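Structure, as structure tokens:
Throughout, residue positions are numbered sequentially from 1 according to the sequence presented. What's counted below: heavy atoms across the whole structure, side chains too, no hydrogens, waters or symmetry copies. These numbers come from a predicted model, not from an experiment.
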Amino acid sequence: MGEHKRIGILTSGGDCAGLNAVIRAVVHRAVGTYNWEVMGILRATQGLMHRPPQAVQLDQNQVDATLTLAGTMLGTTNKGNPFAFPMPDGTVRDRSSDIIEGYHQLGLDALIAIGGDGSLAILRKLAQQGGINLVGIPKTIDNDVGVTERSIGFDTAVNIATEALDRLQFTAASHDRVMILEVMGRDAGHIAISAGIAGGADIILIPEIPYTLANICRKIQERQKQGKNYSVVIVSEAVRTETGEVIECSVGFGERRYGGIGHYLAERICDCTGAETRVTVLGHTQRGGIPSPLDRLIASAFGVAAVDLIAEGKYDQIVTWQNRQIVNVAIAEVIDKYQAVDPSGTLVKTARGLGICLGD
Ligand code: F6P
């Protein structure tokens with residue numbers, strides 16, 4: 001069974017559905033199969049910065065009922081790059097050595113980090129600097145992590161956005177309205193293109209494909225001429241104005257996030273088509289809810305495979321999903337290959353084939 005190990009696990013970046021399912025799988029494999037110890041590190045790298053490091057030992061009983069829970073039982077953060085960490089006095093400090101020291105203080109042999117490309121890049125830098133044996137697991141509703149076909153949380157987010165479109169279809173038709181659904185995804189349009197096709201949207205706008213308002217209005221007017229006095233539009237949060245300005249809103253602490261493109265479009269669509277428009281901003285509902293079966297399945301497979309990598313002594317690797325299988329690749333490769341929607345890929349072709357307007 002190999003030598004005894006004590007491994008750490010943390011969740012980093014924005015939460016999503018399926019994180020607890022990964023933690024559960026890691027604990028079952030590491031404790032149940034290998035008889036190792038698993039330390040759950042609290043609030044991502046912040047738990048390692050703290051003195052004493054904040055971590056809890058996880059056993060199989062604790063993760064028994066976590067398969068269907070959204071969020072992360074370990075807590076997370078998507079703020080505070082440890083290499084330029086914001087201090088209470090307003091200065092920034094490099095806290096990387098505190099994190100590395102925290103890892104060694106806990107006596108860890110390896111660390112499993114569940115994160116998106118931003119978190120994984122930071123953790124890899126820390127691992128290289130401090131001799132941390134790192135294994136990565138991709139998660140993000142944005143599905144923009146390179147190489148892997150799927151990241152944990154994406155499928156659930158698409159289900160939620162699709163369900164929202166299903167609901168909007170009927171109220172749009174009842175009131176002869178143009179309904180606009182603004183979805184997350186950061187710089188990539190994966191949620192919008194997938195949910196848009198699955199939810200029967202008439203117009204899908206993603207940051208990867210430039211649009212004109214004239215094209216959008218033409219589509220709505222064509223439908224009106226066919227007696228369809230309603231349309232459903234899905235738009236990714238990172239879509240810009242027609243002239244290329246980014247639309248953001250302030251979220252406090254001097255930070256800004258995408259948000260507002262739905263309302264921008266609503267006003268202009270109303271002006272040019274005369275249609276009554278309404279906007280739904282789906283927001284963080286896309287990150288919650290019961291994880292879909294596919295997310296639970298991938299989370300379970302990733303968790304088991306990540307522990308097996310440690311058992312084989314293979315580090316600086318990330319587990320990915322390719323052609324229905326787990327494939328391990330170098331974390332560096334994944335970070336290098338940011339994954340946006342391919343404008344000439346299958347989903348875009350499918351949308352066009354269905355007569356969905358992509359704004360171009
Ligand atoms: O990366 C996940 C994500 O939900 C993005 O889709 C979104 O732009 C961002 O995080 C929102 O961040 P926050 O949780 O800080 O509002």
More than 12 heavy atoms of other groups within 6.0 Å of [X] [atom1]:
| X | atom1 | answer |
| --- | --- | --- |
| Arg324 | CZ | no |
| Asp89 | CG | yes |
| Gln325 | CD | no |
| Phe170 | CZ | no |
| Ile290 | CD1 | no |
| Lys5 | NZ | yes |
| Arg256 | CZ | yes |

Would you say [X] and [Y] are hydrophobically clustered, going by side-chain heavy atoms of ILVMFWY under 4.5 Å?
| X | Y | answer |
| --- | --- | --- |
| Ile132 | Leu10 | yes |
| Val304 | Leu294 | no |
| Ile41 | Ile7 | no |
| Leu354 | Ile204 | yes |
| Leu108 | Ile122 | yes |

Would you check, one step at a time, whether the test side chain to side chain contact (heavy atoms under 4.5 Å, CB included) holds for Ile310 with Trp36? CA-CA 11 Å; Ile310 296 174; Trp36 296 347; 3.8 Å; yes

Can you tell whether the side chains of [X] and [Y] come within less than 4.0 Å, N to carboxylate O?
| X | Y | answer |
| --- | --- | --- |
| Arg218 | Glu222 | no |
| Arg29 | Asp308 | yes |
| Glu237 | Arg257 | no |
| Asp117 | Arg186 | no |

Which value, rounded to the nearest 0.5 Å, describes the distance between [X] atom [atom1] and [Y] atom [atom2]?
| X | Y | atom1 | atom2 | answer |
| --- | --- | --- | --- | --- |
| His104 | Glu101 | NE2 | CD | 9.5 Å |
| Gln317 | Ile331 | CD | CD1 | 7.5 Å |
| Asp64 | Asp59 | CG | CG | 9.0 Å |
| Thr320 | Glu333 | OG1 | CD | 8.5 Å |
| Trp321 | Ile326 | CH2 | CD1 | 5.5 Å |
| Asn143 | Arg150 | CG | CZ | 6.5 Å |

Tell me the closest heavy-atom pair linking [X] and [Y], and the distance in Å.
| X | Y | answer |
| --- | --- | --- |
| Ala110 | Tyr315 | CB-CE2, 3.9 Å |
| Ile261 | Thr241 | CD1-N, 4.4 Å |
| Cys16 | Ile152 | SG-O, 3.4 Å |
| Pro82 | Met49 | CB-CE, 4.0 Å |
| Ile112 | Ala306 | CD1-CB, 4.0 Å |
| Ala30 | Val38 | CB-CG2, 3.5 Å |

Verify, without hydrogens or angle tests, whether [X] (side chain) and [Y] (backbone) share a donor-acceptor contact under 3.5 angstrom.
| X | Y | value |
| --- | --- | --- |
| Arg223 | Tyr230 | yes |
| Thr76 | Gly13 | yes |
| Lys219 | Gly355 | yes |
| Arg6 | Leu106 | yes |
| Gln286 | Ile160 | no |
| Tyr264 | Arg240 | no |
| Asp295 | Thr156 | yes |
| Ser236 | Ala238 | no |
| Glu276 | Asp176 | no |
| Gln339 | Val145 | yes |

Between Val235, Val341, Ile191, which is the residue that forms a side-chain contact (heavy atoms from CB on, under 4.5 Å) with Ile206? Val341

Leu74 and its side-chain contact (heavy atoms from CB on, under 4.5 Å) partner, picked from Asp15, Thr11, Ile114, Asn20: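 One option only clears the test, and that one is Thr11.
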
Please tell me if the side chains of [X] and [Y] come closer than 4.5 Å, counting only heavy atoms from C-beta onward.
| X | Y | answer |
| --- | --- | --- |
| Leu48 | Asp98 | no |
| Leu134 | Leu123 | yes |
| Phe154 | Ile298 | no |
| Asn328 | Val135 | no |

Take Gln46 and Gln54, measure what side chain to side chain contact (heavy atoms under 4.5 Å, CB included) needs, and give me the verdict at the end. CA-CA 8 Å; Gln46 291 191 14; Gln54 292 185 316; over 6 Å; no

Does one side chain, of Ser96 or Gln129, offer a donor that lies under 3.5 Å from an acceptor on the other? yes

Looking only at side-chain N and O atoms, does Tyr258 offer a donor or acceptor that is under 3.5 Å from a partner on Asp187? yes

Sorted by chain and number, sequence neighbours left out, side chain to side chain donor-acceptor pair (under 3.5 Å) with Thr171 holds for none

Can you check side chain to side chain contact (heavy atoms under 4.5 Å, CB included) on Asn323 and Glu149, steps first, answer last? CA-CA 8 Å; Asn323 296 323; Glu149 282 157 19; 3.8 Å; yes

Apply side chain to side chain contact (heavy atoms under 4.5 Å, CB included) to the pair Leu58 and Met73, showing each step before the final yes or no. CA-CA 11 Å; Leu58 299 173; Met73 61 191 286; 4.0 Å; yes

